[in-house]
Protein chains: 2
Amino acid sequence: MTQHIIIIEDDSVTRRRLAGALRKQIYRVSEAEDADQMEEILARDPADLLLVDINLEGKDGLTITREQRAKSKAGIILLTSRDDQIDRIIGLEMGADDYVTKPFDKRELFARVKNLLARINEIGTATPKPDPVWQFGRWQLNRMRRRLEDENGAVEPLTRAEFELLHAFTRHPGVILSRERLLDLIQHRQWAPDNRTIDVLVGRLRKKIETDPTQPDWIITVHGEGYVFASPES
Amino acid sequence: MTQHIIIIEDDSVTRRRLAGALRKQIYRVSEAEDADQMEEILARDPADLLLVDINLEGKDGLTITREQRAKSKAGIILLTSRDDQIDRIIGLEMGADDYVTKPFDKRELFARVKNLLARINEIGTATPKPDPVWQFGRWQLNRMRRRLEDENGAVEPLTRAEFELLHAFTRHPGVILSRERLLDLIQHRQWAPDNRTIDVLVGRLRKKIETDPTQPDWIITVHGEGYVFASPES
DNA sequence: AGCCATTGTTACATTCTTTTACAAACTCGA
DNA sequence: TCGAGTTTGTAAAAGAATGTAACAATGGCT
């Protein structure tokens, strides 16, 4: 039995194109212009996944998300107009599972659709999705939203590189990571012998997360080897 | 026993070329056109590493990644078409260990293959996590943060060599350790007969941890043999 | 193009490690 | 116990790695 996807999108051009492409991937795809049409379809054929445009006439995507989240187990991917932080953050807070930004790359969308459907099917058999938040000291790193918050929820802005570096560290707590490995982890780049990028980045990150950057509690230097991120439980 | 790599790639030219090059690196390499062939090979000869093209007829690379990740411990490197963030993010979210972009530089690919195989092998041999803290006298050695704290929590910073040396001592309390052995424990270095590094290091460590460095309580000299670390309970 | 934020590079200061040199302590036989 | 030979202690210099400020390059956005 193929899986059922409903696209809720009021721009018919986009909707048709998307539906056609997804059908080629061997999904069963229904199209809805708005929330009412979606409900009709749902009534006779429950969906595994909803692709919801965030900007709709009438009931908007966020409202649909909240409602469906409460009463159904379908996965929800939001289609957002721009890479607009607000939409994506609010969308995920409302309970969407993922989002893509328009104009979207087909392969990206397919990959996310497939990934989410797989995750949904695994529920019950496989391990539940790991907590997307990593806690250490007074900080929490929210991987989904790619940002750092303190215990009060205040946001400490991180640049992309800083986030990637911290993310790499949190994935390998207690392991000494060489500069070479770190450069590879954060940007898939080859090592040049006199490259000091990582040192500078570590310095910048320390200024943001350490109480005293000269006596770091989290990112520890290992002379001649690299850096270690201290595990939170110690 | 050489390590077994399976290449899953439908373009036979690329696949052959890659397989040939890897065999020269003394790996055992199998070739598969698709997921089914891969399964056949796996059934009679488990792999250490899978090199998977992300765009395959039938079951694609990401799907293979997720399936294999769930049931095997093989490393997975994705071969992606373009260098775009999307593939990388998604590939790694799905559980791949690494990726390379086509057209790929052979040396880069080899480096990644070698790295990943090395990392996989380390997992089995890695030393079990020691107790996070070693107590002796008024001191606690915080292994995670590589520093020394007294009973009030005040930090006595240790340099890398000092930490490694103290760490080596605490792992062998009451045992006489020769200079040669100590040098080997704290770094990967050869012994030269007139090497005084350890003596200097012991001196510096004593200044930090001993009440009276000329009458050491912890790091005791054994003339003509080396040093002993006194057991905490004696 | 011009603006702004981010990222990478360079240069220099600082810190850490090893070597060197010599003083002090130890061992052992007479 | 003395003294020669050896081993250890340690300050200081030399060498290597890291921290970091300031500048340059890059990239996204309008």
Output yes when at least one side-chain N/O atom of Thr197(B) is less than 4.0 Å from OP1 or OP2 of dT19(C), else no. yes
Distance test, side-chain N/O of Gln187(A) to OP1/OP2 of dG8(C), below 4.0 Å: yes
OP1 or OP2 of dT8(D) under 4.0 Å from side-chain N/O of Arg196(B): no
To the nearest 0.5 Å, atom OG1 of Thr65(B) lies from atom CG of Leu50(B) at 8.0 Å
To the nearest Å, give me how far apart CZ (Arg206(B)) and P (dT8(D)) are. 11 Å
Specify the separation, in whole Å, of atom CD1 of Ile198(A) and atom P of dG8(C). 9 Å
Rounded distance in Å - NZ (Lys207(B)) to P (dG9(D)): 13 Å
Does dT18(D) have OP1 or OP2 under 4.0 Å away from a side-chain N or O of Arg179(A)? yes
Does OP1 or OP2 of dT7(C) have a side-chain N or O of Thr159(A) closer than 4.0 Å? yes
I need the CD1-P distance between Ile176(A) and dT18(D), as an integer number of Å. 12 Å
Spacing between Glu225(A) atom CD and dT17(C) atom C1', to the nearest angstrom: 13 Å
Ignoring hydrogens and angles, does a donor from either the side chain of Arg204(A) or the base of dG8(C) sit under 3.5 Å from an acceptor on the other? yes
For Ile186(A) and dT6(C), give me the distance from atom CD1 to atom P, rounded to whole Å. 15 Å
Nearest to the side chain of Leu201(B), which nucleotide is it out of dT10(C), dT10(D), dT18(C)? dT18(C)
Taking 4.0 Å as the cut-off, does a side-chain nitrogen or oxygen of Thr221(B) come that near to OP1 or OP2 on dT7(D)? no
Please determine if a side-chain N or O atom of Asn195(B) lies less than 4.0 Å away from the OP1 or OP2 oxygen of dT19(C). yes
For Val202(A), answer base if it contacts any base atom (sugar-phosphate contacts may also be present), sugar-phosphate if it contacts only those atoms, and nothing otherwise; contact means non-hydrogen atoms under 4.0 Å. nothing
Quick note, Ala161(A) side chain, CB onward, closest among dT20(D), dA11(D), dT7(C) is dT7(C)
Of all the heavy-atom pairs spanning Arg206(B) and Ile219(B), show the shortest one and how long it is. NH2-O, 2.8 Å
Donor-acceptor pair, distance only, cut-off 3.5 Å: does the side chain of Gln215(A) make one with the backbone of Asp212(A)? no
Spacing between His223(A) atom NE2 and dT15(C) atom C1', to the nearest angstrom: 8 Å
Kindly say if Tyr227(B) contacts the phosphate of dG9(D), meaning a side-chain N or O under 4.0 Å from OP1 or OP2. yes
Does a side-chain heavy-atom distance below 4.5 Å link Glu210(B) with Trp218(B)? yes
Indicate the atoms forming the closest heavy-atom contact of Ala161(B) with Leu201(B), along with that distance. CB-CD2, 3.7 Å
dC16(C) P sits how many Å from Arg146(B) CZ, rounded? 13 Å
